[in-house]
Number of protein chains: 2
Amino acid sequence: MKVLEELTGTGQALSHTELEATFSKVDRITLYRVLKDFEEAGIVHKIIGPDGVTRFAVCRHNCPDETHTEDHVHFNCTNCHKVFCLEHTHNPDLRLPTGFKVSGIQILVQGICKHCS
Amino acid sequence: MKVLEELTGTGQALSHTELEATFSKVDRITLYRVLKDFEEAGIVHKIIGPDGVTRFAVCRHNCPDETHTEDHVHFNCTNCHKVFCLEHTHNPDLRLPTGFKVSGIQILVQGICKHCS
DNA sequence: CTTTAAATGCAACCTTGTTGCATTTAAAGT
DNA sequence: ACTTTAAATGCAACAAGGTTGCATTTAAAG
């Protein structure tokens, strides 16, 4: 699929609207279905930004297919507004109050990215 | 405002839909405006859940008015589906790759809450 | 070349959220 | 107490994001 190529190529998480613009010939519903299938297959994962916009990024080497756990940090640049995975910045251990059981952590860091600074 | 009482009382983050159900006499647009005003005034803060649903929670003692920074972790119970602030679980220090400047961190932990376990 | 299933497109619909305008409510001035 | 003014509420309409059902095309298998 060309959608997968696009996602792999850019290195950033793309929103549905952005993908829609790239593949203007393709119907937006088809795009929804393709992305949904990719997500269920563990090929891409969804990132919900601080703006509430959902974006999609390809799962890299350290994303286990079974659990589909994303053990890495997401970054949102306040300058270029891009969202991407920091694959090598793993989630830290959090000590929660007693009685809480953790099954997943989602971290979204905002700031200025490498390219913009 | 009764909306503020409700938010303070429940101790959890409430979605717009939930508040709409509670205050069925009030128009939903009024609710949108009230919540927007509260947010801008630094009285409540918005939490965007892993489901993409935005919820609202009152800012407690350790939420400085000026920066409106939420230096605490949010928890989403996979059993009762509630979302609430873990006021005393602060954001950890993250070491990002060189060139990245951090201005804010949002952490959402999923698991089983104290009450459900 | 036919049969069958998968992939695509279209129409319609729902939810969430915003904006403009009219109306009500309430506060302030004389 | 009555008028003037501003704030708060409600209504209609709209836009973006997302889902579902059904018809049609594409392509794979017999």
Side-chain angles (χ1 to χ4, degrees), chain A residues 1-8 10 12-59 68 70 74 76 78 80-84 106 108 110, chain B residues 1-8 10 12-59 68 70 74 76 78 80-84 106 108 110:
Chain A
M1 276 295 175
K2 300 199 173 180
V3 175
L4 202 56
E5 287 177 31
E6 175 74 12
L7 282 174
T8 314
T10 65
Q12 58 170 293
L14 297 174
S15 68
H16 186 272
T17 313
E18 288 167 331
L19 286 169
E20 210 173 318
T22 309
F23 301 97
S24 51
K25 321 133 201 166
V26 185
D27 197 71
R28 64 189 194 98
I29 287 104
T30 308
L31 220 50
Y32 275 116
R33 283 192 272 236
V34 166
L35 290 169
K36 192 183 165 194
D37 289 350
F38 280 161
E39 201 198 349
E40 286 170 358
I43 298 171
V44 305
H45 64 268
K46 208 183 273 186
I47 304 169
I48 299 180
D51 46 3
V53 175
T54 62
R55 274 168 252 253
F56 299 89
V58 285
C59 296
H68 199 34
E70 305 144 33
H74 293 142
N76 170 222
T78 51
C80 64
H81 300 292
K82 286 180 184 173
V83 173
F84 43 86
Q106 285 168 53
L108 200 133
Q110 283 171 280
Chain B
M1 276 299 174
K2 300 199 174 181
V3 176
L4 201 56
E5 288 177 31
E6 176 74 12
L7 282 173
T8 314
T10 65
Q12 58 170 295
L14 298 174
S15 69
H16 186 273
T17 312
E18 288 166 330
L19 285 169
E20 209 174 318
T22 309
F23 301 97
S24 51
K25 321 134 201 168
V26 184
D27 198 71
R28 64 188 194 97
I29 286 105
T30 307
L31 220 52
Y32 275 115
R33 283 193 273 237
V34 166
L35 290 168
K36 192 184 165 195
D37 291 348
F38 280 161
E39 201 197 351
E40 286 170 357
I43 298 171
V44 305
H45 64 268
K46 210 184 272 186
I47 304 168
I48 299 179
D51 46 4
V53 175
T54 62
R55 273 168 254 251
F56 299 89
V58 286
C59 297
H68 199 35
E70 304 145 34
H74 292 142
N76 171 222
T78 52
C80 63
H81 301 291
K82 287 180 184 173
V83 174
F84 43 85
Q106 285 167 53
L108 201 133
Q110 282 171 280

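Side chains are part of it too, since the values below use all heavy atoms of this structure and drop only hydrogens, waters and symmetry mates. First the proteins, then the strands, lettered A, B, ... as listed; each starts at 1.
- Rounded to whole Å, the distance from CD on Glu20(B) to P on dG10(D) is 12 Å.
- Atoms OH and CD, from Tyr32(B) and Glu20(B) in turn, are 6.5 Å apart once rounded to the nearest 0.5 Å.
- Following rounding to the nearest Å, Lys36(B) (NZ) and dA8(D) (P) show an atom-to-atom distance of 13 Å.
- Proximity of Thr30(A) to the phosphate of dA7(C): no side-chain N or O atom is located under 4.0 Å from OP1 or OP2.
- Taking a pair to require two hydrogen-bonding distances under 3.5 Å in either a Watson-Crick or a G-U wobble arrangement, dA29(D) pairs with dT2(C).
- Atom CD1 in Ile48(B) sits about 14 Å away from atom P in dG17(D), given to the nearest Å.
- If you measure from atom NE2 of His16(B) to atom P of dG17(C), you get 7 Å, rounded to the nearest angstrom.
- Nearer the 5' end of DNA chain C, as judged by each residue's closest nucleotide, is the contact made by Val34(A), out of Val34(A) and Val53(B).
- In this model, the phosphate group of dG17(D) is approached by a side-chain N or O of Thr17(A) to a distance below 4.0 Å at OP1 or OP2.
- One distance of note links OG1 of Thr30(B) with CG of Leu35(B); it measures 10.5 Å at 0.5 Å rounding.
- Searching all strands for a Watson-Crick or G-U wobble partner of dG17(C) with both distances below 3.5 Å returns dC14(D).
- Between the side chain of Arg28(A) and the base of dG9(C), no donor-acceptor pair of N or O atoms lies under 3.5 Å.
- One distance of note links OG1 of Thr17(A) with CZ of Arg28(A); it measures 10.0 Å at 0.5 Å rounding.
- Residue Val26(A) is in sugar-phosphate contact alone, with no base atom involved, counting any heavy-atom pair closer than 4.0 Å across all strands shown.
- At whole-Å resolution of the value, OH in Tyr32(A) and C1' in dG21(D) are 17 Å apart.
- Taking the nucleotide of DNA chain C with the nearest heavy atom to each of Ile29(A) and Thr54(B), the more 5' of the two is matched to Ile29(A).
- Note that the CG atom of Asn76(A) and the CD atom of Gln12(A) stand 11.0 Å from one another [nearest 0.5 Å].
- The distance from atom CG of Leu35(A) to atom C1' of dT8(C) is 15 Å, rounded to the nearest whole Å.
- Summarising the geometry, atom CD belonging to Glu39(B) is positioned 4.5 Å from atom NZ belonging to Lys46(B); distances are rounded to the nearest 0.5 Å.
- Straight-line distance from the CG atom of Leu31(A) to the P atom of dA7(C): 15 Å, rounded to whole Å.
- Looking at Arg33(B), its side chain comes within 3.5 Å of the base of dG10(D) through a donor and an acceptor atom.
- Under the Watson-Crick or G-U wobble criterion, with both distances below 3.5 Å, dA7(C) is paired with dT24(D).
- Look at CG on Asp27(A): it is 16 Å from C1' on dT26(D), rounded to the nearest Å.
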